[in-house]
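Below is one structure; the comments refer to it alone.
Whatever order the structure lists ligands and atoms in, that order sets their numbers, starting from 1.
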Amino acid sequence: MKVKTTQRLLKSCLIFIAMGGISTAALASDYEDWRKTATQEQKVDNMVKVLPGASVVMLQMGERYKNLYWAAKKGKWEFAEYQMEEMDDLINTLIITRPKRAKTAKIFMESAFSQFGPAIEAKNHSQFRAAFEHMRQQCMACHEANDHAFIVLPKKPPASNSPVL
Ligand code: HEC
């Protein structure tokens, strides 16, 4: 490298550092970890702020919706049951994290999953389809009640992304 070029590079580096540019040392150590230094109250405040809301919970619901459908379709009944239980857990999480949605979520929980038990136990496809359709209607009723009627779930969901299926 020519001496002039090297000098120019060195100069721009010095300017960068003088302007408070990023140095690796600063990146690695120049921060405060609120998880360790904050007061209990601040910690709780932060945790409440990052509780997963409906949009996060629903992305998971969408995935499990596909998994549930395709698990049954492929005769993986235990996996189907597991998906349903996880969906049940997700709605219970939502009841805690988003009080605004709690009332409609509780209505959903009254019957949305009620028909799956017998269908899965009997490994009966047509019974399962009826249970799935019943749930689908309940999902969409909740979307409607929460001003998201435009989120319409397909009767036959697209292929699952799960490597298990
Ligand atoms: C408590 C009411 C409620 C229930 C029950 C419910 N949803 Fe939702 N869902 C919502 C709300 C509210 C949104 C919009 C999320 C937001 O913007 O905060 C949503 C959004 C979605 C989305 C779009 C997610 C995205 O951002 O791309 C999907 C997919 C979804 N729901 C699937 C389902 C499925 C499947 C069920 C039933 C198995 C279901 N939902 C049951 C309230 C509900």
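Note on atom 8 (Fe) of ligand 1: protein N/O/S atoms under 2.8 Å are Met58 SD, His143 NE2.
Residue Glu144 holds its CD atom at 10.5 Å from CD of Gln137, rounded to the nearest 0.5 Å.
No part of Arg64 comes within 4.0 Å of ligand 1, judged by heavy-atom distances.
The backbone N or O of Pro157 lies less than 3.5 Å from a partner atom in the side chain of Trp70, making a donor-acceptor pair. Listed for the Lys66 side chain is no donor-acceptor partner under 3.5 Å among the backbone atoms of Ser162. Between the side chain of His143 and the backbone N or O of Ala149, no donor-acceptor pair lies under 3.5 Å.
Between Cys139 and Phe108, the shortest heavy-atom distance links the atoms N-CE1, 3.6 Å.
In summary, the atoms of ligand 1 found under 4.0 Å from a heavy atom of Ala105, numbered by their order in the structure, are 1 (C). Ligand-side atoms of ligand 1 in range of Met87: 38 (C), range being under 4.0 angstrom from any heavy atom.
In terms of protein heavy-atom proximity, atom 35 (C) of ligand 1 is closest to Tyr65 CD1, 3.4 Å. Of the protein's heavy atoms, Leu59 CD2, 3.7 Å lies nearest to atom 25 (C) of ligand 1.
A donor atom on one side chain and an acceptor atom on the other are found under 3.5 Å apart for Asn67 and Ser160.
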Worked check of ring-ring contact (aromatic ring centres under 6.0 Å, His included) between His134 and Phe132: CA-CA 5 Å; His134 173 74; Phe132 193 84; over 10 Å; no
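The hydrophobic cluster analysis finds Leu59 isolated: no Ile, Leu, Val, Met, Phe, Trp or Tyr side chain comes under 4.5 Å of it, directly or through other members.
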